[in-house]
Amino acid sequence: MLREVLGSIFKKPATNRYPAQKLDMPDKYRGKLKFYPQKCIGCKLCMKDCPTGAITINKLDEKKFEALIDLSRCIYCAQCVDSCPKKALEASGDVELAQLDYKKLKVVFRAD
Amino acid sequence: MHNSEEFKIPFGPQHPALKEPESFSVALKGEKIMGVDIRLGYNHRGIEKAAEERTYIQDIYLIERVCGICSHAHATCFIQAVEEIANLVVPKRALYIRTLIAELERVHSHLLWLGVAGHEIGFDTLLMYSWRDREVVMDILALLTGNRVNYGMNTIGGVRRDIDPEQIQQTLKAVDILEERTKYYIEVATQETTIIKRLSGVGVVSYDDALRLDAVGPTARASGVKRDIRADDPYAAYAEISFDVITDDHCDVYGRTVVRVKELMESYKIIRQVLKNLPEGPIAVRAPRMIPAGEALSRYEAPRGEDVHYVKANGTDKPERVKIRAPTLANIQAVKHMLKDRYLADMPIVIAAIDPCFSCTDRLVSLSHIDSRDKKTITWPELHQFSIEWHKQQGIDFTQLNKQLEERLKKC
């Protein structure tokens, strides 16, 4: 007990100085999804397998697709990443997803 | 209040001593508990029914969310049943990885429990200590699976992520730190007077009662019942791993603390063996989307006790029935027994001692008076008719809609 107290006096605080010092997430952490429209073939397997219906693939034109991802519904299981046969989806390590505006949680990925 | 008068007080659903909402009605005589009435159902979420309307792949993530702490337990238990129906041979490496995550989860759950138990008896230093150390195992779980809770590691036919040698080194390092800390907790649990005096003789369940009331997990093992699915009916890689089933003969909350703390040491032993003997090979076999018709029952030793899942498949991509028996449901009857003739002040710690997870346990309960004569069974068509009549009374008529639907179905 005493050792713990004395040791803690000289230790730096356990908390991070958060906005200044970003969190260190491990590699391959399942954060916000990324979509690569060029790779998508529109098979919609990701839509079929998504447990919460967070992802919608729309056909814009011949071989052109856009993805609507509702981050408020996404549970970050990354099943869509596993289901995608063309690797058009990827889980990024981005975990800072809090938004004040609800509409900002709906993300659209489209090829320009 | 007169001591001779018996009165009832509600304990929950919203109560500062409970970490989850559940309703208890306590009959008191003075400070003494005369009886406890447990009313399940406050937090009922209808997961079993929801699982019937989703595909097997979606169900993995749904069932993982039955419990936030034993999420791997529920997911693995469900998947084992599905794999048995589909006759899949899971690769050995996948089984070992499942075992590894299961044991890391047990470490995280038991450390969490130790903190909660400390908090319930006013020993908050223990809460701070054990929850700080829990971060170590949480970080390892995030590293291996990609999520801190609800790991999403399982899939039908194997696991979704492989482990590389660097991760093995990091896990071993974390286990060394945790083992050092756990030795300290064993010392605290067996020598600290505050803990021994507060927990001894509280919430007693004798060996016979534990068997009679079907207690499971650490609650049963603390009463000397040597019951552990990992040893009795080995699943995953447990058949090839040597470990001891920890039992204790204190039969009270103190015994449950000792069992859990000692089980941590067994978990480290299992993790080391798994990482040392990790076989090479693929991590998953391809599973069909349509699972053939059949049924299976699967058992799993979750951190809280035996978890049972029953799955019935009908040849489509959705299960026909999923039945979940979470460990808390088995232990809740023992709580009633433990609290009888004890004092009200013991109630929080006695409830906390079974490591309850009420959301997993909650199911729909219908209460009817024991003498009531209007008890009857309603068949499915009758229920359907009843629902139509009820909606008509509310001013909603589905007849027209139903006709349209039938016509549309005919066209198809």
Side-chain angles (χ1 to χ4, degrees), chain A residues 1-9 11-16 18 22-34 43-56 69-85 87 89-97, chain B residues 47 50-51 53-65 68 71 75 125-126 128-129 131-133 135 138-164 166-167 170-171 181 184 187-188 192 283-284 286-287 289 317-318:
Chain A
M1 187 76 181
L2 193 67
R3 205 181 50 178
E4 195 81 26
V5 172
L6 290 174
S8 298
I9 294 173
K11 256 187 223 159
K12 56 176 189 179
T15 44
N16 290 337
Y18 168 59
K22 293 286 179 207
L23 288 166
D24 208 13
M25 281 299 163
D27 274 3
K28 296 197 278 181
Y29 193 80
R30 291 179 186 140
K32 186 178 168 182
L33 290 171
K34 264 189 203 163
C43 66
K44 297 192 180 178
L45 274 176
C46 50
M47 271 174 79
K48 207 180 160 205
D49 282 348
C50 181
T52 55
I55 186 164
T56 319
I69 297 170
D70 190 345
L71 295 180
S72 60
R73 304 194 95 185
C74 182
I75 54 171
Y76 306 98
C77 63
Q79 173 62 44
C80 50
V81 178
D82 286 6
S83 295
C84 187
K87 295 200 170 79
L89 281 152
E90 191 190 44
S92 71
D94 187 7
V95 289
E96 292 172 329
L97 302 163
Chain B
I47 284 190
E53 282 163 21
R54 283 164 175 78
T55 61
Y56 286 98
I57 289 178
Q58 291 173 323
D59 276 343
I60 300 169
Y61 304 102
L62 177 73
I63 280 165
E64 202 165 59
R65 278 151 184 81
S71 61
T125 316
L126 187 61
M128 300 294 171
Y129 271 28
W131 281 42
R132 181 191 64 189
D133 297 333
E135 278 307 303
M138 296 298 276
D139 287 345
I140 289 299
L141 281 166
L143 175 80
L144 296 179
T145 67
N147 279 329
R148 270 170 64 90
V149 282
N150 295 331
Y151 319 108
M153 192 62 166
N154 273 322
T155 189
I156 298 165
V159 289
R160 291 171 60 198
R161 282 194 173 186
D162 206 354
I163 293 177
D164 60 38
E166 199 194 328
Q167 285 172 333
Q170 272 169 305
T171 313
R181 296 298 304 168
Y184 173 70
E187 225 172 89
V188 169
E192 176 73 38
I283 55 163
R286 220 182 138 73
R289 274 176 190 272
D317 59 349
K318 290 170 186 163

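Values reported hereafter were calculated over all heavy atoms of this structure, with side chains retained and with hydrogens, waters and symmetry mates removed. To find a chain, count down the sequence lines: A is the first, B the second, and so on, and within it residues start at 1. These numbers were taken from a predicted model, which means no experiment stands behind them.
- Taking CG from A:Leu45 and CZ from B:Arg289, the interatomic distance works out to 5.5 Å, rounded to the nearest 0.5 Å.
- Heavy atoms only, all atoms of each residue included: B:Asn147 and A:Arg30 are closest at ND2-NH1, 3.5 Å.
- Note: B:Thr145 leads B:Thr145, B:Asn150, B:Thr155 in heavy-atom pairs under 4.5 Å with chain A.
- The most heavy-atom pairs under 4.5 Å with chain A, out of B:Gly146, B:Ala142, B:Gly152, come from B:Gly146.
- For the salt bridge (charged side-chain N to carboxylate O under 4.0 Å, His left out) test, no residue two or more places apart in sequence or in another chain qualifies with B:Glu192.
- Of the possible polar contacts, none joining the A:Asp49 side chain to the B:Ile57 backbone as a donor-acceptor pair under 3.5 Å is found.
- For B:Leu143, the parts sitting under 4.5 Å from any heavy atom of chain A are the backbone and the side chain alike.
- At a 4.5 Å heavy-atom cutoff, A:Ala91 makes no contact with chain B through either its backbone or its side chain.
- Neither the backbone nor the side chain of B:Tyr56 comes within less than 4.5 Å of any heavy atom in chain A.
- Take A:Glu96 and apply the salt bridge (charged side-chain N to carboxylate O under 4.0 Å, His left out) test, not counting sequence neighbours, and it matches A:Lys22.
- In B:Asp164, the CG atom is crowded: over 12 heavy atoms of neighbouring residues, nucleotides or ligands sit closer than 6.0 Å.
- Taking each heavy atom of B:Gln58 and A:Lys48 in turn, the nearest pair found is NE2-O, 3.2 Å.
- Of the listed residues (B:Glu64, B:Arg148, B:Arg65), the greatest number of heavy-atom pairs within a distance under 4.5 Å of chain A belongs to B:Arg65.
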